[in-house]
Protein chains: 2
Amino acid sequence: MSANLDQVTQALRESVLAGDYEPGTALREVAVASVLGVSRTLARLAMGALEREGLLTHAPNRGFRVRLFTVDEIADAIEVRGELEALAARQAAERGLSGKLSKRLGEILDDARDIMEREAFNEIEGRIRWIELNAAFHAAIVEGAGNTPLVSAIGHVCRIPMAGPKAIVFNTTLADHGLAQVRAAHEDHEQILDAIQNRQGTRAAALIREHAYRSSRHKRQNFEDMERARSTPVPPGLALIRRPDVA
Amino acid sequence: MSANLDQVTQALRESVLAGDYEPGTALREVAVASVLGVSRTLARLAMGALEREGLLTHAPNRGFRVRLFTVDEIADAIEVRGELEALAARQAAERGLSGKLSKRLGEILDDARDIMEREAFNEIEGRIRWIELNAAFHAAIVEGAGNTPLVSAIGHVCRIPMAGPKAIVFNTTLADHGLAQVRAAHEDHEQILDAIQNRQGTRAAALIREHAYRSSRHKRQNFEDMERARSTPVPPGLALIRRPDVA
DNA sequence: TTGTGAAAATTTGCATGCAATCCAGGAGGT
DNA sequence: ACCTCCTGGATTGCATGCAAATTTTCACAA
């Protein structure tokens, strides 16, 4: 049963993020290896990778344990991401977007507007598509800065659970399934792009900072609402989309 | 010859940063392993670790190569670090420094002032000690924010060569060995601490941002001066201190 | 019952070995 | 001469095995 390291790492990452392992308990090499269907060596390599991503901790001779993330920690991570994206927006504005990127950003926003206006938002597919567009927008802004270490740093913080732009919580306890929040986010996006295209670096940075802050508030609120309404059975993985933020 | 992974990783990291391997050329497993005096497995593990730190790249079935960093890339990394430290300073100011940390920061600055005033700066030991104090100051500010993801993110960017607070280039082509630059940096530190202690978050952030920017300018200038004056033989590792930024 | 200590069992850490993959150089065909 | 394909050597990727370290178990005494 030989398998590729990246695949195994991804499988283990999803498994950890899905909560298959109790936080604080050790991940035994043999157990992990047999579940993944690979050798202990490969399992160890994958755990080492996740340790460097911050999902696991490692104590010498005592193995790996899953790290525990608090809500406050996630909020902190989002604030860090907001600050980094603010830098990205500012640099993108200062250095100027390439025509290609500018066009792509416009298309992303067009598609997103389409989804919201065509009522496609009530269906799961529409919401998942919106998540993709959101992530694409944020990624494109970062790309526009042309700052490799910045890309790397943002990738780093986005690896902590729920901190990345793909981690969106749709509040199904609301009548509109969170459409109002999404509309607000979209408005932010429009203004951010406008600021960057007009070379208004400081304005772009301020807007994206506020965008991140609001998104963090919404996320926390939605979490609490969903917890409270746990009685209502919701299809898992649909209402609460908890995807890892890595491809 | 069994050795510990962390030690091996550190040894390889220093070796790579010292330029023992030509950028772009592949690191053969057997060669690396034999130089480090360990098995191929351990060498591979260490290379994997350095890959996730960004020092090496990995192509499937084609091994690891050392990444090449341009001066611009380093400048970008320092700008990212500046932005993150600005967030740290702001949060430290907003959340308030603990009495312990505040005291420690004061002592660090006292020690640093001592070194500069006592002429100890002309000796290598004094300059090395100043580097340590500088790094300690920056680390303490970050600690003061009480933001774990922020600590992690800063640690991440500081791993790229020359980007961290320990990477200081003393310009030996100047008569004062760069003392004027160090004095300026120290003044920045004093004001930054003052701002944080007085809960002036925005001021602290602005100061540290400017501090990072100036440090980046100095670093680039010093590099160019040193390159130009390469004819003058300088003791390697002393004038140009190129330590990795990890403990 | 509770505390101490040591040995057994589990588990990690690393080295070695084998199969899969990739690169260099040349034979053969066009 | 040039392109294609193949073969030999080298290199990576993963599985297995063995020694060191840790946790658990249990006997025995206070």
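Below, chain A is the first sequence line, B the second, and so on; all start at residue 1.
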Starting at [atom1] of [X], measure out to [atom2] of [Y] and round the result to the nearest 0.5 Å.
X	Y	atom1	atom2	answer
A:Leu87	B:Glu79	CG	CD	5.5 Å
B:His218	B:Ile168	NE2	CD1	11.5 Å
B:Glu29	B:Ser39	CD	OG	9.5 Å

Rounding to a whole Å, what distance do you find between [X]:[atom1] and [N]:[atom2]?
X	N	atom1	atom2	answer
B:Asp6	C:dT12	CG	P	17 Å
B:Leu56	D:dT12	CG	P	13 Å
B:Leu45	D:dT12	CG	P	15 Å
A:Arg65	D:dT23	CZ	C1'	11 Å
A:Glu29	C:dA9	CD	P	21 Å
A:Leu36	D:dC14	CG	C1'	14 Å
B:Leu5	C:dA15	CG	P	10 Å
B:Arg40	C:dT16	CZ	C1'	9 Å

Item to check | Global bending angle along the helix from C:dT1-D:dA30 to C:dT30-D:dA1, which compares the axes of five pairs at either end, to 10 degrees | outcome: 20°
Checklist entry - Can you name the residues that form a side chain to side chain donor-acceptor pair (under 3.5 Å) with A:Arg129, not counting sequence neighbours? => result A:Glu132
Item to check | Evaluation steps, side chain to side chain contact (heavy atoms under 4.5 Å, CB included), between B:Val32 and B:Tyr21 | outcome: CA-CA 10 Å; B:Val32 172; B:Tyr21 301 90; 4.0 Å; yes
Item to check | Closest approach of A:Gly82 to A:Ile208 (non-hydrogen atoms, all atoms of both residues) | outcome: O-CG2, 4.1 Å
Item to check | Check: A:Glu53 and A:Leu50 side chains under 4.5 Å, non-hydrogen atoms | outcome: yes
Checklist outcome for this item: Assign each of A:Ala43 and B:Val30 the nucleotide of DNA chain D bearing its closest heavy atom; nearer the 5' end lies the nucleotide of B:Val30
Next on the checklist: Classify B:Arg28 by what it touches in the nucleic acid, base, sugar-phosphate, or nothing, heavy-atom distance under 4.0 Å.
Outcome noted: sugar-phosphate
Next on the checklist: For B:Arg104, is there an ion pair with B:Asp111 - N to carboxylate O distance below 4.0 angstrom?
Outcome noted: no
Next on the checklist: Using 30° and 60° as the class boundaries, would you call the ring planes of A:His211 and A:His189 parallel, tilted or perpendicular?
Outcome noted: perpendicular
Listing time: all N or O pairs from protein to nucleotides 19-24 of chain C that are below 3.5 Å?
{"from": "C:dT21", "atom 1": "O3'", "to": "B:Asn61", "atom 2": "ND2", "distance (Å)": "3.3"}
{"from": "C:dC23", "atom 1": "OP1", "to": "B:Arg62", "atom 2": "NE", "distance (Å)": "2.6"}
{"from": "C:dC23", "atom 1": "OP1", "to": "B:Arg62", "atom 2": "NH2", "distance (Å)": "3.0"}

Item to check | Listed nucleotide nearest any side-chain atom of B:His58, set D:dC14, D:dG13, C:dC14 | outcome: D:dG13
